[in-house]
2 protein chains.
Amino acid sequence: MLHDLKARIHDNQFPNKRLPDERSLSEAYNVSRSSIKRALEVLANQGIIFKKRGSGTFINPLYMKNQTIFHYEGTNLGITDSFKSDGQTPNIKLLDFQVVPATAELQQDLFLESGDFVYEIKRLRLFDDQPFMIEHGYIPIKIAPELSQKVVSGSIFNYLEDEQNKVVTKSFMTMRAAPSTSDDQKLLGLSAVEPIAIMEGIFFLDDGTPFEVSNMRLRYDYFNYNTFVTLDEE
Amino acid sequence: MLHDLKARIHDNQFPNKRLPDERSLSEAYNVSRSSIKRALEVLANQGIIFKKRGSGTFINPLYMKNQTIFHYEGTNLGITDSFKSDGQTPNIKLLDFQVVPATAELQQDLFLESGDFVYEIKRLRLFDDQPFMIEHGYIPIKIAPELSQKVVSGSIFNYLEDEQNKVVTKSFMTMRAAPSTSDDQKLLGLSAVEPIAIMEGIFFLDDGTPFEVSNMRLRYDYFNYNTFVTLDEE
DNA sequence: GAGTGGTCTAGACCACTTC
DNA sequence: AAGTGGTCTAGACCACTCT
């Protein structure tokens with residue numbers, strides 16, 4: 001039903017830029033009004049529609065006008081997939097891969113107990129031969145007990161989804177900018193005045209289990225984060 | 001009730017990092033379970049808690065950790081309010097304020113027609129005497145026809161909300177990092193190797209009308225964007 | 001099996017706009 | 001006053017986790 005609504009919006013089946021009222025939709029789709037509200041809520045969060053109490057529900061004209069710019073992104077989870085590759089091939093160079101005991105900090109972030117171990121994975125990501133990101137991550141052994149060097153040299157998220165039926169759907173990330181260290185400069189081919197962007201945080205599985213703590217240092221010219229923010233709660 | 005829950009979380013009243021189950025909360029607060037769910041949903045979207053079906057609701061350990069002194073919260077729009085000042089006073093220094101014809105690009109971004117005019121506003125934001133952000137914005141005259149130099153030296157969003165009954169609730173933003181220009185260095189007091197973070201995008205009124213195109217250049221050490229991303233809605 | 005969150009229903013009443 | 005979205009209730013049933 002959500003999907004149908006979205007399709008109809010794209011199909012321009014609401015030339016008034018206005019949706020039927022919730023009660024009608026509820027009847028038309030044979031679901032409760034609450035269910036309709038949930039669906040509309042999703043569309044509103046994606047910036048596709050907006051609701052005006054007392055007036056109705058309208059299609060965001062800008063969404064239709066300029067789809068490339070005004071669509072919800074901010075959903076950058078699978079890194080390999082979320083960077084535009086522009087014809088270039090994404091590569092991964094494994095820098096370090098070992099099993100280490102979880103530090104106190106990791107224990108807290110990943111919900112581990114003392115004595116638990118984690119994979120420490122350090123990788124360099126490239127497009128063709130151009131490195132653009134240093135990735136430093138920790139994954140609990142008990143969540144992914146079968147990580148091999150081969151897996152870790154590819155997309156870990158894809159492996160999990162395809163082979164382990166585990167889906168990463170949430171992340172808590174914090175982003176900032178920083179001058180590059182000499183290490184960054186060497187690995188990413190930057191000059192001293194060229195900075196990096198840092199994204200760090202935790203990835204969660206579908207069920208809320210924290211799955212990976214990750215620190216990503218990116219060439220500033222390969223980093224661009226788009227987000228559609230709605231401020232209404234609280 | 002939402003507020004109370006949030007306060008209790010901040011107060012560390014759940015040392016287990018675990019909240020009571022929804023049915024108990026529902027009883028404790030004397031509201032329906034649906035209402036509790038709505039409240040928890042808000043907290044979950046803010047990344048404060050996460051829920052594990054079948055297990056319970058837990059507090060995000062990272063949330064408590066990332067309370068840096070100055071940071072821009074991903075879920076806030078009014079800039080003045082969204083920087084934590086830690087006792088310091090946020091100030092605004094007006095650098096430039098004039099009316100200019102809208103360029104072709106502005107016409108597109110702000111939904112204007114050729115011949116329309118916009119305010120061009122350039123401001124420096126400071127905490128006490130420490131500048132941390134250069135703000136360069138454009139606002140259509142026809143949306144806010146009464147902007148004065150006085151208004152523009154304070155919080156424009158607050159003015160709109162308090163005096164004009166217009167609320168800015170949405171924004172489409174893109175973020176990146178860049179080396180600082182000599183201009184940046186002069187205005188923000190940076191050295192040559194210190195970078196800036198750039199946030200640029202469009203603010204919308206709550207009816208979807210684009211209200212401002214803004215470009216913000218921040219000292220890298222005053223920028224920190226937290227975001228909780230959920231990838232499931234289709 | 002008991003406990004917990006997820007989804008959904010059917011309906012009441014409130015708040016805002018003017019369809 | 002009529003229409004429309006917002007909030008809330010009380011409860012049913014499902015899906016998953018824990019032991």
Side-chain angles (χ1 to χ4, degrees), chain A residues 1-5 14-45 48-60 111 113 140 142-143 164-167 169-170 204-211 230-234, chain B residues 1-5 14 16-45 47-60 161 165-167 169-170 205-209 230-234:
Chain A
M1 173 260 282
L2 206 179
H3 205 271
D4 182 60
L5 264 178
F14 306 104
N16 295 346
K17 300 291 180 197
R18 177 181 187 157
L19 263 57
D21 72 278
E22 297 181 346
R23 286 162 181 89
S24 310
L25 286 171
S26 153
E27 257 188 44
Y29 284 103
N30 248 300
V31 295
S32 70
R33 188 177 156 218
S34 318
S35 300
I36 288 291
K37 288 186 89 66
R38 268 195 307 281
L40 295 184
E41 190 61 26
V42 170
L43 295 178
N45 287 337
I48 298 175
I49 61 173
F50 57 91
K51 314 189 225 180
K52 291 187 79 163
R53 174 191 285 204
S55 309
T57 301
F58 303 86
I59 298 171
N60 181 351
F111 270 48
E113 287 146 32
K142 63 181 178 191
I143 288 189
Q164 303 284 327
N165 205 31
K166 287 177 174 162
V167 194
T169 51
K170 294 177 183 140
F204 300 89
L205 297 180
D206 221 7
D207 62 0
T209 312
F211 158 72
T230 305
L231 174 65
D232 36 28
E233 295 156 345
E234 214 241 359
Chain B
M1 173 259 283
L2 205 179
H3 212 70
D4 183 60
L5 264 178
F14 304 107
N16 295 348
K17 299 289 183 196
R18 179 185 187 152
L19 263 58
D21 71 278
E22 298 182 344
R23 287 162 180 89
S24 310
L25 286 171
S26 153
E27 258 188 44
Y29 285 103
N30 248 301
V31 296
S32 71
R33 189 176 155 219
S34 319
S35 300
I36 288 291
K37 288 187 88 63
R38 266 196 308 280
L40 295 185
E41 190 61 25
V42 171
L43 295 179
N45 285 337
I48 298 174
I49 60 173
F50 60 87
K51 316 190 221 178
K52 290 180 81 160
R53 175 191 288 205
S55 310
T57 301
F58 303 87
I59 297 171
N60 181 349
E161 193 162 343
N165 205 30
K166 288 177 175 163
V167 194
T169 50
K170 293 173 188 148
L205 298 180
D206 64 358
D207 63 357
T209 312
T230 305
L231 175 65
D232 40 25
E233 297 155 346
E234 160 79 17

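Numbers restart at 1 for each chain; the letters A, B, ... are given by sequence-line order, proteins then strands. Everything numeric here is computed off the predicted structure, so don't read it as measured data.
- Atom OG of B:S32 and atom CZ of B:R38 lie 6.0 Å apart (nearest 0.5 Å).
- B:K17 NZ to B:T57 OG1: the interatomic distance, rounded to the nearest 0.5 Å, is 14.5 Å.
- Note that CD of A:E41 and CD of B:E41 are 9.5 Å apart. Values are rounded to the nearest 0.5 Å.
- Residue B:L5 comes nearest to B:F14 through the heavy atom pair CD2-CZ, 4.4 Å, listed as atom of the first residue, atom of the second, then distance.
- Residue A:K52 is classed as a sugar-phosphate contact, given heavy-atom separations below 4.0 Å to backbone atoms only.
- Look at NZ on B:K51: it is 18 Å from P on D:dA15, rounded to the nearest Å.
- Of the two residues near DNA chain C, A:F58 and A:R23, the one whose nearest nucleotide lies more 5' is A:R23.
- A heavy atom closer than 4.0 Å to some atom of DNA chain D occurs in A:R33, these being the qualifying members of residues 27-34 of chain A.
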Start with the C-alpha distance between A:R33 and A:K37, add both sets of side-chain angles, then the distance that settles side-chain contact (heavy atoms from CB on, under 4.5 Å), and finish with yes or no.
CA-CA 6 Å; A:R33 188 177 156 218; A:K37 288 186 89 66; 3.8 Å; yes
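- Annotation: the span from B:S35 atom OG to B:L25 atom CG amounts to 12.0 Å, rounded to 0.5 Å.
- Taking both residues in full, the closest heavy atoms of A:S55 and A:R18 are given as O-NH2, 2.7 Å, listed atom of the first, atom of the second, then distance.
- Atom CZ of A:F50 sits about 11.0 Å away from atom CG of A:L19, to the nearest 0.5 Å.
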I would like to know whether A:L43 and A:L2 meet side-chain contact (heavy atoms from CB on, under 4.5 Å); could you show each step before the answer?
CA-CA 8 Å; A:L43 295 178; A:L2 206 179; 3.8 Å; yes
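- Side chains of B:R23 and B:S26: no donor on one and acceptor on the other come within 3.5 Å.
- A nucleotide of DNA chain C counts as in contact with chain A when one of its atoms lies under 4.0 Å from a heavy atom; the first and last such, 5' to 3', are C:dC8 to C:dC19.
- Every stem involving DNA chain D, taken as at least 3 paired positions in a row under the Watson-Crick or G-U wobble test at 3.5 Å, is listed here: C:1-18 with D:1-18.
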